[in-house]
Every structure is written in structure tokens, then in C-alpha cells.
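Structure first, commentary second.
Chain letters run A, B, ... following the sequence lines, proteins first, then strands; residues in each count from 1. In what follows, every heavy atom counts, from backbone to side chain, and hydrogens, waters and symmetry copies are set aside.
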2 protein chains.
Amino acid sequence: MSQTQLDAVKLDGAGPVYDQIRRAIRDLVLGGTWPPGTSVPPEHALMEQLGASRMTVHRALVQLAREGLITRRRRSGTVVATPPASHAMLDILSIPEEVAQLGQLYAHEVLSRRDGRPSAELALRFGLKRGEKVVHLVTLHRGDDTPHVLEERVIHLATVPAAADGDFSETPAGDWLLKNSLWSQAEHAISAVSAEPEDAALLGIGSGDPCLLIERRTWNQGAPVTAVRLLYPGTRHRFVGRFGPYGPI
Amino acid sequence: MSQTQLDAVKLDGAGPVYDQIRRAIRDLVLGGTWPPGTSVPPEHALMEQLGASRMTVHRALVQLAREGLITRRRRSGTVVATPPASHAMLDILSIPEEVAQLGQLYAHEVLSRRDGRPSAELALRFGLKRGEKVVHLVTLHRGDDTPHVLEERVIHLATVPAAADGDFSETPAGDWLLKNSLWSQAEHAISAVSAEPEDAALLGIGSGDPCLLIERRTWNQGAPVTAVRLLYPGTRHRFVGRFGPYGPI
DNA sequence: ACTTGCCAATTGCATATGCAATTAGATAGC
DNA sequence: GCTATCTAATTGCATATGCAATTGGCAAGT
């Protein structure tokens, strides 16, 4: 725990002290100032730095640990957690992982790539502004050689400039982004559509067959990172979640 | 807070005291012993009853409040919360509410009802045993007179005997169950299917058009309560969720 | 080198205490 | 009856204190 890290924790004076501490650290984590693996200063150090009692600091840290942002171990200390790869219902699943969990052999193929300003039609489909430079990718993912999902994605170059030089034939764009960018917010939408003829051909299904369409947009601190449309053959996929009356279990 | 309620709280001696208290109360809530609206004994009472300090009791209650099981107000005390009507992504939404949120006028119609042992085909579709007595309902829900969703449901009479006398023409079965039964666990699956001709006709869409199929099964303490298949016209519906890297936000 | 044992750092837990904030219900005053 | 006020119950928060449990890393011994 360097001095830098200690100094980074700043209270804003709004609300209970333990919650100020909690939010301050949360923001450092979500904002990327403290990336996964960073050591969080020990309770004693925060206590002196912030002028709060150890129990108050403790309360903030315990809560953050329960929220999954940090992990704590006696003697070893507290470190920023690595975000879990998947969440209950639908998530920033890595598609290679998704396929591997089905016990299938993964492969993917970049069908097209175009960098630059989007066409009118593309801008409409992804809600882009005409001027924004993006990478536009179409990728087919396969499991055991049968088509698994058809992915169409845009990556915002303003937010992720490194994507211009990314090679997505080795690592699919989704996984590449997980390693090379940060995100703080995502939105999913799920709906059912009929397969267009050309999509159906790629997926090896009949034209007009039902598909699950998952659209996901991702931001970092308000700046758009990427948007993706995942088209799953409806008959071959389902998404499952478990709940209790008060929330996911 | 009656004596009954105080006596109901029993610790099991496993793990930290605050967690024993938390689990004891959680179980009373989830098990239905303390239904929504029940007063939870004040901290002082629990403290004496359990021989723990107030801060320890406090910690358990604060955590339960954060989990949404109870609500607390100064001076008024602590009461068991009413489960939220909807959760992030997909949930035990009341369909009338769902329609009302779209600003539409709700109506529904029970298309068929049969009580008794399931046919072979029905048992297969819902994973029932042939011997189990169930109520089998098909209901069409409308918003502003256009079909909203087609519901097919079975209710397990062994778990919810009162359903035999339920009248589902006034209150749809889903809402009736929310009031007249308990559930502790649910499982959702979401997939895309083509509309069968008869379903398409009822929903006013083309035969073979894509639909979102949501299948939900609900249990209480391991005993099956109900299972439902909700068929939404795919073009008219989408389900949206928001997430951060560490979970729903 | 390798093992063993010990020390100290760090978190986990519980208690006791005191005060602040909120507000239901009682009481007093009109 | 109605309103203003007071009182006390209840939760919210912070502190100080002490001990328990875990374990990284060092030191001593072989």
C-alpha cells in the first residue's frame, strides 16, 4: 500500500462516515484507479488517514467485501477483487467460456471488419452518431464446428483507441475488450426475432426460424465502449436464472 | 411484538453470533412464520432474549435490511418487508402491473381450465408426475384489447389446495397465487420459439412468428407450487436489465 | 537447503457506551 | 375537538477497547 493509494481516498462529507469511506473506495475501484489486484490500505492506515475509528473503517470494508468489490484475508490484507466472469442471468460472458462450459470445442471466425465512420444503417442499428469512429466486426462463433452464435459488434475508438490495432482473429473482440478496456455500466436487452436469410445461412438454420437476440451496450464512466448484438438460434439456447422472493439466490 | 415472535428467534450456535441472528430471522421470514407486515422485536428485546449486545443485534438487522427482507424506521421499529413486485431482469411480475406500466388497460380471459391428473402430454411439458393433481389453466392477457401474453399454467394442488376453489376469472392465477401462497425459490428459463398456429391465432400474429417463451417454476421449501409458460410476441416485447462489473446496479 | 517455530500484521468479532435523529403517542392548552 | 408540545421508544452512528484467528515472513536450528 503505497502513499499514493492512501492519498487517493477522499471523503466528501455527505452522509454517514462509514458510507463516505465505502463510496470513496468503491469509486476508486469502479473508476479503475485501483485495478483488480491492488492492495487496499489496511484498516489502521485508513483509520489514521481519515481520522475515523477502526470499527467505522471496518464497517465500510466489510460492506464492500459483501458487495464483491474487494476480498479480505487476515494477515494478507485487502485487495481489489477480480470481477466475476459471469453473473446470474445474463452477462458479460466470454463466449469461448460459454462454449467450453457446454463441453464443446471453441472456434471463431471474423467474417468482416471495417474501421471508420459508420454507415447510416449501422448508426441506426447501434444508436451511433454519424461522426463517431468505430470498429465494426461480424464474428461467427462455433462449438464443435456447429454455429453457436453470430456476433455483430461496434467498438468506440474514442474510448478504446487501442482497438484500431487489435487483432481479433486470435482472441475474439469480447475477450479482448475484457482485458484491454474498463467498463462501469452495461445494459442488456433480450428479445425474439426471426432469422434473416443471410443470418440463417450462417447459423445453419432455416430462414425465419426464431432466434434470441441479445443486445448489450457497455459504458465506462458515461463514455460508450462497445455495443454488440448476439443472435442465438432460439431452439438451441435458453438462459436460466434462479430467484428467491427477495432477489437472486 | 408478541411473546410468540420473540420466542421464535432461536440461534444455532454455528458461526458468528450476528450471523446466527441474521439467519434465524431470515428463516422466519422466508419460511412464512413472519409474513410481510409482521413486527420484528426491537433491538433491546432481541438483545435480552438472545444475550447479545445491542450492536451485535443491530449488525444482523442492518444486514437483513440491506438484503431487503425487513424495513426499519426510527421509533416505528422493524417490520418484515413486502417482497418487491419485480426484480432486475425478469421476475414474478404481476401481468396486470406489467400491462399497467405500459399505460394500457388490462383485461384477461380464462380460455380453459381443467382440474385433476395431467394428461401424458401435459405432464411432459411441465415435468409433472402422472399422479399429481393439478389445476391446468390457459389464460390470455390483453392490454388495450390487443393480446399481450398467452399464459399456460399448472398449480400443484398438493401444495396449494385452496386453488381448487379459486376463481381465476376475476383475479388472474398469478396474482391470486401471490396472495394465497408462499414461494421460496423460482427458476426462469427464457428462449425463443416459433408460434404454433393456434397460439399465433390467439396472439394475433402470424403462424411461425418468433416469440419469447418464459418458463417459470416455483417452489416453497422444496414443494412445487406452480409452473407457467408465458408466450410473448417477440416483436412487441423485450426485457431489459442494467449491470455493473460486480453485479446488477 | 530445509524445516520448525515464533512473531507480528491484519482482519474478524463482540461488547459497552454515548449521543443523535426520528416520530408515535400522550399530554396540555386553547 | 383541535393543535401545539412534550416524552420516550426506537433506530442510526461513531468510538474505544479487547480478544481471537489467520498467516506471511523471519529466525533459529539442523
Checklist line | Closest approach of B/Gln20 to B/Gly15 (non-hydrogen atoms, all atoms of both residues) | finding: NE2-O, 2.8 Å
Notebook entry, point to check: Does the side chain of B/Leu64 come within less than 4.5 Å of B/Val29's, by heavy atoms?
Noted result: no
Next item on the list: Answer whether the closest heavy-atom distance between the side chains of B/Glu151 and B/Leu137 falls below 4.5 Å.
Entry: no
Check: Would A/Glu43 and A/Arg72 pass as an ion pair if we require N to O under 4.0 Å?
Finding: yes
Item checked: Option from B/His108, B/Gln104, B/Glu109 for which side chain to side chain donor-acceptor pair (under 3.5 Å) with B/Arg142 holds -> B/Glu109
Note to self: I'd like to compare against my own output: the B/S/- annotation of nucleotides 11-20 of chain C with a strict under-4.0 Å heavy-atom distance to protein.
What the structure shows: BBBBBBBB--
